[in-house]
Protein chains: 2
Amino acid sequence: MALAETRNGDVWGEADRRHRIIEAAERAFVRHGFHATTMQHVAAEAAMSPGNLYRYFPSKEAIVQALCARDQAERGRAFATFAQAESVIAAMAEGLRMNLLGKPREKMQMILEIWAEAARNPAIAALCGAIDADVHAGLMGLVEAAKGKGEAVADLDADFAARLMITVVVGLFKRRAHETDFDGERELSLALGIFVTLFRGGIRPFSAPDAKGAV
Amino acid sequence: MALAETRNGDVWGEADRRHRIIEAAERAFVRHGFHATTMQHVAAEAAMSPGNLYRYFPSKEAIVQALCARDQAERGRAFATFAQAESVIAAMAEGLRMNLLGKPREKMQMILEIWAEAARNPAIAALCGAIDADVHAGLMGLVEAAKGKGEAVADLDADFAARLMITVVVGLFKRRAHETDFDGERELSLALGIFVTLFRGGIRPFSAPDAKGAV
DNA sequence: CACCTGAGAATGAACGTTCATTCTCGTTAG
DNA sequence: CTAACGAGAATGAACGTTCATTCTCAGGTG
């Protein structure tokens with residue numbers, strides 16, 4: 001099916017090329033940043049001509065969207081793996097280790113750029129929103145699973161816990177992107193420290209004391 | 001020759017114009033986003049011609065840097081206020097209320113763009129780094145103050161606490177920028193819930209169980 | 001076999017647009 | 001008058017996109 005299909009069945013080849021372009025685009029975006037990356041850069045990285053990119057994607061924007069969609073799929077797969085883990089804390093540890101230590105800093109920087117883009121570009125915003133919803137749902141599932149295993153107190157509010165975990169992880173992502181002396185293991189133990197207490201039921205929403213007088 | 005500077009009292013007028021331009025730039029950046037804002041937009045917002053901007057700033061980049069610097073100064077002032085507050089938790093509540101509810105969403109979106117920019121632009125990175133260092137130092141000061149007032153346990157690691165609080169606040173900033181249904185009061189009580197437990201000594205770094213088997 | 005044919009793949013120079021920046025010249029204050 | 005101020009057109013570079021052209025190669029033909 002590989003070589004013989006070039007005549008008519010180049011659909012295979014086309015998907016392959018689209019994939020190659022997205023990979024190249026990611027490398028280029030990671031290297032030069034989001035806005036500074038030109039189609040020439042992507043083309044060079046993909047080892048093809050600029051014009052030829054347009055045979056596979058109608059615009060630069062389309063490439064960006066495809067890349068975001070791929071990330072979404074990746075994230076979804078990661079959560080599917082989490083759900084099978086025996087210990088929820090261990091799963092969180094593994095997931096964070098993968099993202100805080102496993103990925104190069106530049107990748108985190110690209111995520112910052114995607115976040116910024118999402119604030120302006122409705123298509124990207126929709127993709128990111130879908131990712132976030134997935135993650136939120138996945139985390140709530142994890143919390144419920146943890147309850148079932150006795151790793152979390154029974155009356156833990158799953159939505160509260162999920163929002164808290166997302167907040168912490170997002171904060172770590174940003175810090176990882178910026179801080180040159182970011183210590184992954186140290187920050188990992190910080191996050192896990194929070195989560196352990198959370199699961200133990202030690203963290204509850206706290207209504208602020210009236211701040212009328214404060215400045 | 002070029003230094004015939006203080007010829008007149010117009011030095012005042014110049015500072016005034018620079019200030020006006022920065023304010024206009026902020027409005028433009030907030031409205032159109034960082035990269036999509038043109039000098040024409042800034043000029044229109046400042047009610048002057050594009051060319052005339054260059055009488056006061058050598059480049060677009062210089063305007064951006066001035067804006068970031070102003071934000072840094074603002075942040076510094078905010079922390080000076082915090083330090084005087086009677087209750088540390090109340091101070092945090094007030095500070096977060098100001099930033100999570102007081103500022104328009106668009107302002108948060110601009111901060112995301114500044115973060116993204118900082119990943120690529122050394123000058124902006126330096127400014128952001130300085131802000132972060134200020135905030136970190138200020139928070140450690142707050143923690144120590146809280147200890148003194150008996151609001152925090154004596155053996156709380158100030159650096160750990162500061163990093164944790166920064167992480168949470170950063171996470172909330174990002175979520176505020178993106179989530180259309182972001183509930184400021186709810187998230188505020190989430191953050192304060194964490195901080196209260198933290199000050200009580202209920203959160204400690206947690207070393208992850210070994211994750212050899214996981215994928 | 002040698003040679004053609006044609007269609008999809010790929011090229012890369014050129015185009016048109018969008019800006020940051022500069023230039024020119026009119027206006028105003030002292 | 002002089003010098004600073006300011007408006008707005010002009011400039012030039014960068015970049016996404018297009019398109020006329022070239023390449024490749026599976027089949028057909030003799």
Side-chain angles (χ1 to χ4, degrees), chain A residues 1-25 28-29 31-67 113 117 120-121 123-124, chain B residues 1-22 24-26 28-29 31-67 113 117 120-121 123-124:
Chain A
M1 169 130 8
L3 273 159
E5 285 278 355
T6 31
R7 182 74 182 145
N8 179 7
D10 222 13
V11 176
W12 179 86
E14 170 149 341
D16 187 48
R17 292 246 151 60
R18 287 175 57 95
H19 188 250
R20 195 171 101 202
I21 291 171
I22 290 179
E23 298 262 304
F29 288 145
R31 180 172 306 132
H32 303 100
F34 204 65
H35 289 276
T37 298
T38 70
M39 290 299 261
Q40 323 287 331
H41 288 148
V42 177
E45 196 71 42
M48 65 174 63
S49 65
N52 200 34
L53 294 175
Y54 288 85
R55 184 174 292 278
Y56 302 99
F57 291 94
S59 65
K60 183 183 181 182
E61 159 112 5
I63 295 180
V64 170
Q65 287 183 26
L67 202 155
E113 299 199 59
E117 192 65 15
R120 301 289 161 196
N121 182 327
I124 308 290
Chain B
M1 174 74 162
L3 305 180
E5 38 192 336
T6 41
R7 187 73 187 126
N8 221 340
D10 224 11
V11 171
W12 179 85
E14 170 149 341
D16 188 48
R17 290 253 151 58
R18 286 175 56 97
H19 188 251
R20 195 172 99 200
I21 290 171
I22 290 180
E26 175 163 31
F29 287 145
R31 180 172 307 131
H32 302 102
F34 203 66
H35 287 276
T37 298
T38 71
M39 289 299 262
Q40 276 81 4
H41 288 147
V42 176
E45 195 71 42
M48 65 174 62
S49 66
N52 200 32
L53 293 175
Y54 287 84
R55 195 173 286 281
Y56 301 99
F57 290 95
S59 67
K60 183 183 180 181
E61 160 113 3
I63 295 178
V64 171
Q65 287 184 26
L67 202 157
E113 300 200 58
E117 192 65 16
R120 300 289 162 196
N121 183 328
I124 308 291

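Every chain is numbered from 1 and lettered A, B, ... according to where its sequence line falls, protein lines coming before strand lines.
Ring geometry, A:H35 versus B:H35: the interplanar angle falls under 30°, so the pair is classed parallel (tilted spans 30 to 60°). Under the 30°/60° scheme for interplanar angles, the aromatic rings of A:H41 and A:H32 are found to lie parallel.
Summarising the geometry of A:Q40 relative to A:P50, their closest heavy-atom pair is OE1-CG, 3.2 Å, with the distance given to 0.1 Å. Summarising the geometry of A:F34 relative to A:K60, their closest heavy-atom pair is O-NZ, 4.1 Å, with the distance given to 0.1 Å.
Interface remark: the B:R55 side chain does form a donor-acceptor pair with the D:dG6 base, using a distance-only criterion of under 3.5 Å.
Comparing the end axes of the helix from C:dC1-D:dG30 to C:dG30-D:dC1, each fitted to five base pairs by superposing C1' atoms of four pairs onto the next four, gives an inter-axis angle of 20° (nearest 10 degrees).
In this structure, B:Y56 atom OH and C:dT21 atom C1' are separated by 17 Å, rounded to whole Å. B:I21 has its CD1 atom 12 Å from the P atom of D:dC5, to the nearest Å.
Contact annotation: B:R17 side-chain N/O to D:dG6 OP1/OP2 distance is under 4.0 Å. Side-chain N/O atoms of B:S49 include none lying less than 4.0 angstrom from OP1 or OP2 on D:dG8.
Put simply, CZ on A:R17 and CG on A:L53 are 12.0 Å apart, with the number rounded to the nearest 0.5 Å. Taken to the nearest 0.5 Å, the OG1 atom of B:T37 stands 9.5 Å off from the CD atom of B:E45. Interatomic distance, B:F57 CZ to B:Q65 CD, rounded to the nearest 0.5 Å: 10.5 Å. From A:R31, atom CZ reaches atom CZ of B:R120 across 10.5 Å, with rounding to the nearest 0.5 Å.
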Task: nucleotides 9-19 of chain D: protein proximity per nucleotide (B base, S sugar-phosphate only, - neither; heavy atom, under 4.0 Å) - done: ------SSBBB
